[in-house]
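Nothing fancy with the numbering, it's 1 onward along the sequence. Below, each value reflects all heavy atoms present in this structure, side chains not excepted, and no hydrogens, waters or symmetry copies.
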Amino acid sequence: MTFLVPWLLLVIVGGAPPASGSDTLPASPTSPARQAAAAPPIATAAVPQAPGDDAMPIKIGPLRLGGFLQGDGVFGVGDYDHTTLHLDLDSFRVRRARLAVGGDVTPEIAWTVQADVVHSPVLTDAYVTLHHFRRANVRVGQFVAPYSLERLTSESRNEAYERVIDRFVPSRDVGIMVFSPTPVWKGVSYAAAIINGTGQNVRDDNVAKDYVGRLTWQVPGVPGVKVGANAQSGTQPTGRRTRVGADVAIEEGSYHFAAEWLRETRDECREGACEGYYVLATRRFRPAAPRPSFYMVELVGRVFALRDPFDPLLGPPGTTHREWEVGVNYYFARSAKVAVHLLTPIARRPGETAAVLAARLQVIF
């Protein structure tokens with residue numbers, strides 16, 4: 001019954017008035033950056049529509065600039081074994097510090113470069129996007145592969161504390177992608193990519209390539225309901241790797257619900273497939289009229305499960321690790337928030353924390 005706690009909290013406060021608010025980003029109302037920033041904080045298309053990892057609202061001549069900064073404090077609750085967990089607990093850290101710059105070579109050719117100065121190597125995105133065909137944009141370079149609702153939602157717009165099933169996704173890679181920025185038929189959008197399959201800032205290690213595809217469907221006649229499906233297949237030096245997944249997202253007034261399932265199989269794995277899922281629910285509160293230093297409050301609940309034979313921190317091979325999470329996100333403005341979340345394993349193993357308390361201060365610019 002523990003997994004019901006996040007939703008019970010949301011039900012208790014369900015009688016609050018609906019959300020309202022305004023967007024004050026300086027980009028033009030019709031720009032892709034403005035449209036992406038004004039949308040709900042979920043991936044509403046087959047690929048992210050804003051340059052880089054998030055909207056870039058600052059303009060300096062022909063350049064667009066943007067980024068975000070996240071500072072965390074993460075603390076374990078109860079007795080636990082530091083040597084067993086190997087986690088960054090009981091510490092403060094700069095989690096991400098990203099800067100993106102982009103521009104237009106012509107009205108139909110755009111470029112983007114993004115870096116994260118916390119990690120090494122620092123390069124995250126470097127690509128050119130061709131907008132010559134309205135229903136078939138082309139992107140070449142290093143980008144986020146079109147796979148997974150959770151992965152295509154920027155961490156700066158993530159309502160939960162961190163992504164949890166992105167270990168089963170291709171993430172950033174070098175290649176070429178064709179995608180539709182808007183639906184092409186009855187609410188259906190698509191994205192298809194050919195990538196090296198080796199990951200971010202890693203040179204290709206074989207002659208084979210990975211094939212990635214994603215479809216999203218805005219359900220006709222049901223506003224706010226979007227269904228997605230994705231697949232990937234490719235050959236690695238250790239054998240073939242195949243990934244599949246499905247997700248659904250619902251926006252209904254002040255409520256946001258999302259659920260996703262991903263599965264990964266590898267030839268070298270004898271312990272069975274890697275698999276994960278999550279169910280997320282969010283209740284938003286906004287003032288009826290703008291207030292200084294109060295843009296919005298989110299109450300967040302999430303349950304997730306992971307089975308990964310390659311990660312001993314999740315338990316013996318073949319076991320499934322499950323956790324639930326509750327949290328509060330307070331937005332001083334649309335671009336500044338503080339988040340406090342509690343994550344607790346549903347079945348605690350010896351040496352594992354009873355809970356993890358995570359706090360984050362985030363600023364988007």
Side-chain angles (χ1 to χ4, degrees), residues 2-25 29 34-44 50 54-55 57 68-73 95 149-150 153-164 222-226 247-260 278-304 323-344 355-365:
T2 307
F3 67 90
L4 294 176
V5 173
W7 285 270
L8 291 176
L9 292 177
L10 296 174
V11 171
I12 292 172
V13 297
S20 62
S22 61
D23 182 9
T24 58
L25 290 177
R34 174 69 177 236
Q35 294 170 357
I42 58 172
T44 54
D54 214 302
F68 62 93
L69 174 66
Q70 294 176 337
D72 289 9
R95 181 66 178 93
L149 171 66
E150 182 187 59
T153 302
S154 168
E155 279 290 9
S156 66
R157 302 297 183 186
N158 192 1
E159 298 158 338
Y161 172 60
E162 286 280 342
R163 299 186 183 110
V164 290
V222 189
V225 178
K226 187 174 288 290
D247 53 77
V248 60
I250 303 172
E251 287 285 338
E252 178 61 35
S254 299
Y255 295 91
H256 169 223
F257 300 93
E260 182 169 12
Y278 68 85
V279 180
L280 172 76
T282 303
R283 175 70 163 96
R284 304 187 182 112
F285 301 90
R286 289 182 182 143
R291 298 181 188 176
S293 299
F294 177 34
Y295 175 76
M296 178 174 64
V297 170
E298 292 175 334
L299 299 183
V300 182
R302 179 175 65 170
V303 171
F304 60 90
E323 290 191 28
W324 61 263
E325 172 184 354
V326 292
V328 178
N329 303 329
Y330 183 94
Y331 291 77
F332 301 96
R334 185 181 182 88
S335 58
K337 76 173 182 180
V338 61
V340 179
H341 289 237
L342 185 71
L343 297 91
T344 301
V356 171
L357 180 64
R360 169 171 293 168
L361 178 60
Q362 172 182 283
V363 175
I364 302 175
F365 57 90

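- Ring centers of Phe294 and Tyr330: under 6.0 Å apart, within the cut-off.
- Judged by distance alone, with hydrogens and angles left aside, the side-chain atoms of Glu260 form a donor-acceptor pair with the main-chain N or O of Leu149 at under 3.5 Å.
- The shortest side-chain heavy-atom distance between Val340 and Arg360 does not fall under the 4.5 Å cut-off.
- In this structure, CG on Leu361 lies 15.5 Å from CZ on Arg95, to the nearest 0.5 angstrom.
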> Going through the distances and angles, do Glu150 and Asp247 end up as a side-chain contact (heavy atoms from CB on, under 4.5 Å)?
Replying inline: CA-CA 9 Å; Glu150 182 187 59; Asp247 53 77; over 6 Å; no
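- Residues Arg284 and Tyr255 have side chains not in contact (no heavy-atom distance under 4.5 Å, counting atoms from C-beta outward).
- Screening Glu325, His341, Glu159, Glu323 for a side-chain hydrogen bond (donor to acceptor under 3.5 Å, both in side chains) with Arg302, the sole residue that qualifies is Glu325.
- Leu342 has its side chain out of reach of Val356: every pair of non-hydrogen atoms, C-beta onward, lies at least 4.5 Å apart.
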> Would Val279 and Phe257 count as a side-chain contact (heavy atoms from CB on, under 4.5 Å) if you check the C-alpha gap in whole Å, the side-chain angles of each, and the deciding distance to 0.1 Å?
Replying inline: CA-CA 8 Å; Val279 180; Phe257 300 93; over 6 Å; no
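- In terms of heavy-atom proximity, Ala355 sits nearest to Thr344 at CB-OG1, 3.4 Å.
- The shortest distance between side-chain heavy atoms of Asp72 and Tyr161 falls below 4.5 Å.
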> For Phe68 and Ser335, what are the C-alpha separation, side-chain angles and deciding distance, and is it a side-chain contact (heavy atoms from CB on, under 4.5 Å)?
Replying inline: CA-CA 9 Å; Phe68 62 93; Ser335 58; over 6 Å; no
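- Annotation for Thr153 and Arg157: closest pair CG2-O, 4.1 Å, computed over non-hydrogen atoms.
- Distance check: Thr282 OG1 to Asn329 CG gives 7.5 Å after rounding to the nearest 0.5 Å.
- Counting only heavy atoms from C-beta outward, the side chains of Val328 and Val297 approach each other to under 4.5 Å.
- How far CZ of Phe285 is from OG of Ser254: 7.5 Å, rounded to the nearest 0.5 Å.
- Side-chain contact between Lys337 and Met296 is absent, with no heavy-atom pair separated by less than 4.5 Å.
- Side-chain contact between Arg163 and Asn158: present, with at least one pair of heavy atoms (C-beta onward) separated by less than 4.5 Å.
- Pro290 has its side chain out of reach of Tyr295: every pair of non-hydrogen atoms, C-beta onward, lies at least 4.5 Å apart.
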> Do Leu280 and Phe304 pass the side-chain contact (heavy atoms from CB on, under 4.5 Å) test, and can you show the C-alpha distance, the side-chain angles, and the key distance before you say yes or no?
Replying inline: CA-CA 9 Å; Leu280 172 76; Phe304 60 90; over 6 Å; no
